[in-house]
Structure formats: C-alpha cells, structure tokens
Amino acid sequence: HYFIQSNLRMQTRDDSGSLQLLISCISQIVVNECPAVKCEGTVKRKITKAPPEVKSVEKAWSNFYAVLKSNTIYFYKDVKHFKRNEFESACDLGGNVTVYLEPDKKGTKLLKISKDNGLEMLIRVKTEAGVKATSLEVWFEQLAESAGMSQDQDIKNSLSLSDNSMENSNGHGTEKVCHKSIIDCKEITKKDINEFLNQKMQRSSANKTSIQKILEEQGIDISHLDKSKKKEVLNKLLSSRPSFGDLQKKGLIKYTVFGCPLATLCSRQKVLVPHVVTQCIEAIEHRGLKSSGIYRISGNNASIQKLRFKVDKEEPVNLKDAEYDINMLTGFFKMFLRELPEPVIPFEQYAQIESAIRGSGDSLNALKQIVQDLPEPNKSTFKYIILHLVRVANEEENQMDEHNLSIIFGPSLLGNLPERANLLVDLPIQNAAVEKIITNYRLVFK
C-alpha cells in the first residue's frame, strides 16, 4: 500500500508513461520481485524539451540521486530518499527511446535521452567521495540496453546528433561522427550516410513504384501532366477498379468465419449455432462468470487478432487452453458479433423493434413475436447468446447486470441499416430492447 501511494505522489509531468510505470511497479510487488539496480549515482538533470501535452516544466539543472532498475530510471532527492523508496519522478525507457552521448559547450560528455512522446532530457553524471556511483560509460551502456537499442541502432541514431558532435577530419569533405560506446568508436563517412539515406528513400518510394507499375500496365503516361491533372488521372484510375463488394460477389474474396453471413456460416457447418459461438461461450463459462467486469474489460488486441486469424484459417483451436484468458475470449466473441455483415437480428426487423420500444402497446409481446419470426439460424443463435447473458447477469460478483450487458451487446445483436443509422437515436432503442429480452427471457423464448 505504501509503495502504491509513493507512485501516486510522484511528479511525472515529464513522462506520459507514468500509468504503465505504475502498473509495472505494482505487478512486481504482486509477484514478489524486486528489480535489480543496474546503475546508481548522483546526477544533474535538465529537461530540454517537454511533451506537447505538458504546459510548463522546470528546465533548469537539478540535482538527483538516479537509479536504473529494469527499464525505468528513477530520480530521488538524495540517497536517504532512495533508501525509503520515495522518488521525485521516473522515466520509462520502454517504447521508442533513443540514448546519446552528447558533449556540452565545454566538451563535457552528457547523456541525452529522447522519447517518441517529445520528451528530451540531459543527464550529467557526477562522482562524490564516499557515495556509490556508476561511470558515464556504464550508464550509457545500461540505458541503451534498457531502451532496447542495438549497436546498429546506435550508429544510425548518431546521424541525428547535434553539430557539436560532428567535425571535419581533414577538410576534404569526410565527416566523422564519433559515437562513443562502451564497445568502440564508430567512424561514418559520407558514403555511409548516403547509403543510409538511400535506404530510407527506397522505403518511402515503395508506394510510388507500385502506382507507376499500375500505370505502365494500363499504358498510361502522366509524366508530361501538371500536378492537378496527375491527381485527376489517378482518381479516375482508382475509381474504375472493382469495388470490394464486386470482388466478394465474384468469389475473389472469401470469408470463412469472421465477416461471413450468419446463415451462410451455419449452412456450411451444418448447425443452427456457429461453432465459434458455442465454443467461445463454453470456454468463457468454463473459466467462470465471476470475473469482475466481464465483457467490459478488454483483452489484449494483438492476441485476439492472432486467434481470429487461426479461426479464419480453420486451424484446430481449443479455446479452453490456459493461454486464452477470460478477457481475451470475451473480446474475441464481441469481435465476431461486430464483424457480422448483418446483425443476429437482421436489419429488416429493426423498424419493428423501434416501434415496439417506442410504441404505447405491449412491447414485450411485440419483441417476443419479432424473435419468433426470425430465420432459424438467427433465432437459435440469438437464444443461445441471450441465455448465456442471463447466466452472466445472475452472477452478482462480476458486477455486470442486465443493463450493463445491454449497453455492450445492444449494437452488436441488432442495428439499423447503415444508411439510416443514427447513433444518438439508435443506441437507447438497442439497449432497451436487449435489456428487456434478457430480463424477460422466459417469456420471450416460451
């Protein structure tokens, strides 16, 4: 508890990754791990550039006792505060971070840390008698390693060093960039720089090359046209190409599971409820429905996409395996429903649902009739999902009642035609209809 409070008090206006930092610190406490200290010592720090979202920041040199643990550098007021674990601020070196050695006006070497969020800071390593300290070279090596920089990256990053670190070696145009590393000192000539820039040019011109190839195949020459005419010709070329729908109708684009119409998927699998729905719900209920915030908390999107590709390729997958956690499974299930070309309750029934919810008559009986008139695959799949949501709502520990579930599943289970859709008008109707059906499921499916 004390450690968390210390993190919440930290002044991290110069670091937008403070939330990730807090989460990583808490997770280390939970698993009883204390990251080893890689470097420590008295330093002077200066923030030269703050992220855009930070309105003001202290840019003067300040004294700190710095400690590098794992991939985070902590700044303490002094050694006593370090021993009490009360740090002033911290900088997470995860993500796109670059570490340089840069000389100041007097030639003293400084550490420069640059983050992709716009933060830049300079660090001057100091040594004091009787105080444990780490040398500048070791600081540089450990910071670069924590930031995930390879030796090749260091060389490329050195191209962006300030003019103070570039000098003419012989006056004949050969430039020398000395990037002092713990390993060695690299010399980069103009030839190296040109090769590096050419590689970047080739990557950036890849799209242009593909467009030129298309023009050549069509026998179109636009080299003599001005910029506006070129744009007009390219727009006509792109608009004349077959649309996504045309390619789908011709069978050139095929969906196996995700994005496949519900009736087509059930017909191919010879079932009334798609396998992906039954298997996913069984796996979720196998994990247990007591998980707090189930269906509200998102799973890891990269893992969900990876699982989606496996299912689309019809690879054998056991959703009850331990590698698939509850939040990943719920996110996977919601993605399947979202990507249906038409909701489980088809578009043509939406007007009737709207009338049932807004009308003055018996809305529940009207909803019951709409459900009973659904095509068999839609009715069976809808019933299977609703009964699962009833079991979720009956578990008080997960804090997901009928109302909360209707907010999540309303837009996925029923919706208006895209050309008629109005988010502000449709959402209350969708939520009210699904909540009423979950609450009165016995009557609806009687």
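- Closest non-hydrogen pair, Leu367 versus Ala433, comes out as CD1-O, 4.2 Å.
- The side-chain heavy atoms of Phe333 and Leu319, taken from C-beta on, include no pair separated by under 4.5 Å.
- A distance of 8.0 Å separates CD1 of Ile407 from CE of Met400, quoted to the nearest 0.5 Å.
- Between Phe382 and Phe445, the ring-plane angle classifies as tilted under the 30° and 60° cut-offs.
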Between Asn365 and Gln369, is a side-chain hydrogen bond (donor to acceptor under 3.5 Å, both in side chains) present by the stated rule, with each step listed? CA-CA 6 Å; Asn365 277 324; Gln369 191 59 48; over 6 Å; no
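- A donor-acceptor contact shorter than 3.5 Å is absent between the side chain of Thr264 and the backbone of Cys260.
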From CA spacing to verdict: side chain to side chain contact (heavy atoms under 4.5 Å, CB included), Tyr74, Lys69: CA-CA 8 Å; Tyr74 300 86; Lys69 298 180 183 180; 3.9 Å; yes
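- Although no hydrogens or angles enter the test, the distance criterion places no donor-acceptor pair under 3.5 Å between the side chain of Glu120 and the main chain of Lys115.
- A donor-acceptor pair is defined here as one N or O able to donate and one able to accept, closer than 3.5 Å; such a pair exists between the side chain of Arg287 and the backbone of Lys320.
- Atom CD1 of Ile294 and atom CG of Asn327 lie 8.0 Å apart (nearest 0.5 Å).
- Considering Ile408, Ile281, Leu405 as possible partners of Leu389, the one that fulfils the side-chain contact (heavy atoms from CB on, under 4.5 Å) test is Leu405.
- Atom CD1 in Ile284 sits 11.0 Å away from atom CZ in Arg391 (nearest 0.5 Å).
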Please lay out, stage by stage, how Gln305 and Met335 fare under the test side chain to side chain contact (heavy atoms under 4.5 Å, CB included). CA-CA 9 Å; Gln305 290 288 358; Met335 179 183 285; 3.6 Å; yes
Please lay out, stage by stage, how Phe332 and Val276 fare under the test side chain to side chain contact (heavy atoms under 4.5 Å, CB included). CA-CA 10 Å; Phe332 174 76; Val276 65; 3.7 Å; yes
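- Counting only residues at least two apart or in different chains, side chain to side chain donor-acceptor pair (under 3.5 Å) contacts with residues 430-446 comprise His403-Glu435.
- For Tyr295 and His388, the ring centers are positioned less than 6.0 Å apart.
- The two residues Pro341 and Phe347 come nearest to each other via the heavy atoms O-CE1, 3.8 Å.
- Of the possible donor and acceptor atoms, one in the side chain of Gln372 sits under 3.5 Å from a partner among the backbone N and O of Val444.
- With Trp61 as the aromatic partner, Arg124 meets the cation-pi criteria of under 6.0 angstrom to the ring centre and within 45 degrees of the ring axis.
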After noting the C-alpha distance and the side-chain angles of Tyr350 and Asp426, does the key distance pass the side-chain hydrogen bond (donor to acceptor under 3.5 Å, both in side chains) rule? CA-CA 10 Å; Tyr350 186 77; Asp426 294 337; 3.0 Å; yes
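- The side-chain heavy atoms of Lys112 and Met121, taken from C-beta on, include no pair separated by under 4.5 Å.
- Using a 4.5 Å heavy-atom threshold, the side chains of Leu119 and Cys91 count as touching.
- Ser406 and Glu402 form no side-chain donor-acceptor contact under 3.5 Å, judged by distance and modelled atom types alone.
- When all heavy atoms of Pro377 and Cys266 are compared, the closest pair comes out as CB-SG, 3.9 Å.
- A donor-acceptor pair under 3.5 Å links the side-chain atoms of Asn398 to the main chain of Val392, judged by distance alone.
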Steps toward side chain to side chain contact (heavy atoms under 4.5 Å, CB included) verdict (Ile73, Phe75): CA-CA 7 Å; Ile73 180 170; Phe75 295 96; 3.9 Å; yes
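- Taking NZ from Lys379 and CD1 from Ile370, the interatomic distance works out to 13.5 Å, rounded to the nearest 0.5 Å.
- At least one side-chain heavy atom of Leu374 sits less than 4.5 Å from a side-chain heavy atom of Gln349.
- Between the side chain of Asn394 and the backbone N or O of Val390, at least one donor-acceptor pair lies under 3.5 Å.
- The two residues Leu265 and Pro274 have their closest heavy-atom pair at CD2-CB, 3.7 Å.
- Contact between Gly415 and Pro343 at its shortest, heavy atoms only, is N-CG, 3.8 Å.
- The CG atom of Leu414 lies 12.0 Å from the CD atom of Gln352; values are rounded to the nearest 0.5 Å.
- The closest side-chain heavy-atom distance from Arg358 to Ile429 is below 4.5 Å.
- Under the 4.5 Å side-chain criterion, counting only non-hydrogen atoms from C-beta, Leu110 is not in contact with Ile123.
- Distance alone, capped at 3.5 Å, places no donor-acceptor pair between the Ser412 side chain and the Leu337 backbone.
- A search for ring-ring contact (aromatic ring centres under 6.0 Å, His included) contacts involving Phe82 returns Tyr65, Tyr76, not counting sequence neighbours.
- Under the 4.5 Å side-chain criterion, counting only non-hydrogen atoms from C-beta, Leu272 is not in contact with Thr381.
- Side-chain contact between Ile385 and Val273 is absent, with no heavy-atom pair separated by less than 4.5 Å.
- Around CD of Glu396, the count of heavy atoms belonging to other residues, nucleotides or ligands within 6.0 Å does not exceed 12.
- Rounding to the nearest 0.5 angstrom, the gap separating the CG atom in Asn416 from the CG atom in Leu427 is 11.5 Å.
- No donor-acceptor pair closer than 3.5 Å links the side chain of Ser267 to the backbone N or O of Ala263.
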Assess the residue pair Arg45 and Ser89 against the criterion (side-chain hydrogen bond (donor to acceptor under 3.5 Å, both in side chains)); give the C-alpha distance rounded to whole Å, side-chain angles, the decisive distance to 0.1 Å, and a yes or no. CA-CA 11 Å; Arg45 187 193 69 183; Ser89 61; 2.9 Å; yes
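- Among all heavy-atom pairs drawn from Cys280 and Leu329, the shortest one is SG-O, 3.5 Å.
- Sorted by first and then second residue, the salt bridge (charged side-chain N to carboxylate O under 4.0 Å, His left out) pairs with a member in residues 324-341 read Arg308-Glu339; sequence neighbours excluded.
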